[in-house]
Amino acid sequence: MVDPSGNESSATYFILIGLPGLEEAQFWLAFPLCSLYFIAVLGNLTIIYIVLTEHSLHEPMYIFLCMLSGLDVLISTSSMPKMMAIFWFNSTTIQFDACLLQMFAIHSLSGMESTVLLAMAFDRYVAICHPLRHATVLTLPRVTKIGMAAVVRGVALMAPLPFFIKHLPFCRSNILSHSYCLHQDVMKLACADIRVNIIYGLIVIISAIGLDSLLISLSYLLILKTVLGLTHEAQAKAFGTCISHVCAVFIFYVPFIGLSMVHRFDKRHDSLLPVIMANTYLLVPPVLNPIVYGVKTKEIRQRILRLLHVTTHTSDP
């Protein structure tokens, strides 16, 4: 931004537009978005409750699922309350430090979720390719350490972010084109060389999302190689244990990659597409993951039905 003397100055606050070009419709669009947020929180908290209270589910696959659900709740909560305030109450102002905190939370939690998805792929690889070693390789203490490593990795990757943003001078405008603070969006407002920020962003994407997706793909190639040598019945059982995780991987990575591509190649400042992609990236995975695991995972489905006092078989009158 520019101070009264015409010099460059540090930003004290930003303006979040919400949905560019749809300002008049934002009030009504907030209702389905709020409903999706409620579904996401309720669904993921239900998964967490079931896993924590059912001793038979204290296995690596379900503990990792519990971690994934917790991260989904945190990711959606880091953006949706402010988004609802923008749409319903026109509360478009966000202080610089609050924007920085939101940015750090969203990006670090996304890194943690990517690590958990990788851990889940490793769990499926060991369970299918080395079933006799599964219980000794993925013990509960080791699973706990993997969860802690995911947190440390996500925080460490994003630790430089606040420093890179705080030292940027801002000018011309303080208006952000999204409904929440994103690194790509904020750094574009700087009136200084942002090559360091760009390089840092690429390093984070390659070392986290790129590496994780590569290792997940490799694990499933090895799983596929093993499964093709099994009987048809064993193949169906093996694929059945993987399908939920494969869906979760696509649900997470496809919007993320799409958002990154749109930010890189869409140069229109008033474009609605990056905003829609950004909202999809934060809201769709938390909504769909509990549904996918609830439908595809027999153990989770049965306990949800039990929790709702519904029996899987109806008795004759």
query = Got a donor-acceptor contact below 3.5 angstrom from the Asp123 side chain to the Ala119 backbone?
reply = no
remark   = Closest heavy-atom pair, Cys129 versus Thr226, reported as atoms and distance to 0.1 Å, is SG-OG1, 3.2 Å
request  = Please lay out, stage by stage, how Cys242 and Ile128 fare under the test side-chain contact (heavy atoms from CB on, under 4.5 Å).
outcome  = CA-CA 10 Å; Cys242 294; Ile128 294 173; 3.3 Å; yes
key: Within one Ile-Leu-Val-Met-Phe-Trp-Tyr cluster: Val204 and Ile199, side-chain cutoff 4.5 Å   = no
request  = Please check if Leu42 and Ile75 belong to a single hydrophobic cluster, counting links between Ile, Leu, Val, Met, Phe, Trp and Tyr side chain heavy atoms closer than 4.5 Å.
outcome  = no
inquiry  = Can you tell me how far apart CG (Leu109) and CG (Asp72) are? Round to the nearest 0.5 Å.
reply    = 10.0 Å
task = Taking the side chain as every heavy atom from C-beta outward, state whether Thr139 and Lys145 have any atom pair closer than 4.5 Å.
result = no
message = Clusters formed by hydrophobic residues whose side-chain heavy atoms approach within less than 4.5 Å: which one holds Ile243, and what are its other members?
response = none
ask   = Quick one: are Leu68 and Met120 in side-chain contact, heavy atoms under 4.5 Å?
value = yes
request  = Search all heavy atoms of Met84 against all heavy atoms of Cys34 and return the closest pair with its distance.
outcome  = SD-CB, 3.7 Å
task = Any chance you could measure Ile47, atom CD1, to Tyr293, atom OH, to the nearest 0.5 Å?
result = 9.5 Å
inquiry  = Checking Asn279 against His178: is there a side-chain donor and acceptor pair closer than 3.5 Å?
reply    = no
ask   = Please walk me through it: do Tyr180 and Ile106 pass side-chain contact (heavy atoms from CB on, under 4.5 Å)?
value = CA-CA 10 Å; Tyr180 55 88; Ile106 290 171; 3.4 Å; yes
inquiry  = Please determine whether side-chain contact (heavy atoms from CB on, under 4.5 Å) holds for the pair Cys181 and Leu100, giving the CA-CA distance in whole Å, both sets of side-chain angles, and the decisive distance to 0.1 Å.
reply    = CA-CA 7 Å; Cys181 294; Leu100 207 59; over 6 Å; no
inquiry  = Just checking Phe250: does its CZ atom have more than 12 heavy atoms from other residues, nucleotides or ligands closer to it than 6.0 angstrom?
reply    = no
ask   = Given the rule that I, L, V, M, F, W and Y join up when any side-chain heavy atoms are under 4.5 Å apart, are Val143 and Leu215 in one cluster?
value = yes
ask   = Heavy atoms, side chains only, cut-off 4.5 Å: are Arg124 and Met61 in contact?
value = yes
ask   = Who passes salt bridge (Lys or Arg N to Asp or Glu O under 4.0 Å) against Glu54, sequence neighbours left out?
value = Arg303, Arg306
inquiry  = Strictly by ring-ring contact (aromatic ring centres under 6.0 Å, His included), give each pair with a member in residues 139-165 just once, sequence neighbours left out.
reply    = Phe164-Tyr200
message = Assigning hydrophobic clusters by single linkage (Ile, Leu, Val, Met, Phe, Trp, Tyr; side-chain heavy-atom cutoff under 4.5 Å), is Trp28 placed with Leu19?
response = yes
Hydrophobic cluster identity match, Ile203 and Met187, side-chain contacts under 4.5 Å = no
request  = Tell me, please, which residues at least two apart from Val73 pass side-chain contact (heavy atoms from CB on, under 4.5 Å).
outcome  = Asn44, Leu45, Thr77
Pairwise side-chain contact, Leu189 with Phe14, heavy-atom cut-off 4.5 Å (strictly under) = yes
message = If I compare all heavy atoms of His107 with all of Met158, which pair ends up nearest, and what's the gap?
response = CB-SD, 3.3 Å
message = Applying side-chain hydrogen bond (donor to acceptor under 3.5 Å, both in side chains), can you list everything that pairs with Glu299, at least two apart in sequence or on another chain?
response = Tyr62
task = Name all residues meeting the side-chain contact (heavy atoms from CB on, under 4.5 Å) criterion together with Ser217; count only those two or more places apart in sequence or in a different chain, and write none if there are none.
result = none
message = Can you list everything that forms a ring pair (Phe, Tyr, Trp, His ring centres under 6.0 Å) with Phe122? Sequence neighbours excluded, please.
response = none
message = So, taking the atom named CE in Met83 and the one named CG in Leu283, what distance separates them when rounded to the nearest 0.5 Å?
response = 7.0 Å
request  = State, with a plain yes or no, whether a side-chain heavy atom of Leu282 is found less than 4.5 Å away from one of Met80.
outcome  = no
inquiry  = Are Ile165 and Asn197 packed together at the side-chain level, in the sense that at least one heavy-atom pair is separated by less than 4.5 angstrom?
reply    = yes
note = Minimal heavy-atom distance between Ser108 and Ala105, with the atoms involved, is OG-O, 3.2 Å
key: Beyond-backbone contact of Leu182 with Met103, side-chain heavy atoms, under 4.5 angstrom   = no
ask   = Parallel under 30°, tilted from 30 to 60°, perpendicular over 60°: which one fits the rings of Tyr125 and His130?
value = perpendicular
Spatial distance of atom CG (Leu101) from atom OG (Ser78) [nearest 0.5 Å] = 9.5 Å
query = Which heavy-atom pair separates Ile251 from Pro255 by the least distance, and what is that distance?
reply = O-CD, 3.0 Å
task = Please list, chain by chain and in numerical order, all residues satisfying side-chain contact (heavy atoms from CB on, under 4.5 Å) with Leu140, sequence neighbours excluded.
result = Ile63
message = Measuring from atom CD1 of Ile39 to atom CD1 of Ile291, what distance do you get when rounded to the nearest 0.5 angstrom?
response = 6.5 Å
remark   = What one should report as the nearest heavy-atom pair of His183 and Leu161 is CD2-CD1, 3.5 Å
ask   = Any side-chain heavy-atom pair from Ile15 and Leu176 closer than 4.5 angstrom?
value = no
Rounded distance (nearest 0.5 Å) linking atom OG of Ser179 with atom CZ of Phe87 = 4.0 Å
request  = Could you check Leu138 against Ile146 for side-chain contact (heavy atoms from CB on, under 4.5 Å), going step by step and ending with a plain yes or no?
outcome  = CA-CA 10 Å; Leu138 284 169; Ile146 292 175; 4.0 Å; yes
note = Residue set satisfying salt bridge (Lys or Arg N to Asp or Glu O under 4.0 Å) with Asp212, at least two apart, ordered chain then number -> Arg153
ask   = Taking only residues at least two apart or on different chains, which pairs with a member in residues 236-260 satisfy salt bridge (charged side-chain N to carboxylate O under 4.0 Å, His left out)?
value = none
note = From the list Ile209, Ile216, Val249, side-chain contact (heavy atoms from CB on, under 4.5 Å) with Ser114 holds only for Ile209
key: Stepwise ring pair (Phe, Tyr, Trp, His ring centres under 6.0 Å) check, Tyr220 with His245   = CA-CA 11 Å; Tyr220 273 104; His245 178 254; 5.7 Å; yes
inquiry  = Looking at Arg133, I want to see if its CZ is surrounded by more than 12 non-hydrogen atoms of other residues, nucleotides or ligands under 6.0 Å.
reply    = no
query = Among pairs that include at least one residue of residues 33-58, which meet ring-ring contact (aromatic ring centres under 6.0 Å, His included), considering only residues two or more places apart or in two chains?
reply = His55-His58
task = Using the test ring pair (Phe, Tyr, Trp, His ring centres under 6.0 Å), find all partners of Tyr281 that sit at least two apart in sequence or belong to another chain.
result = Phe256
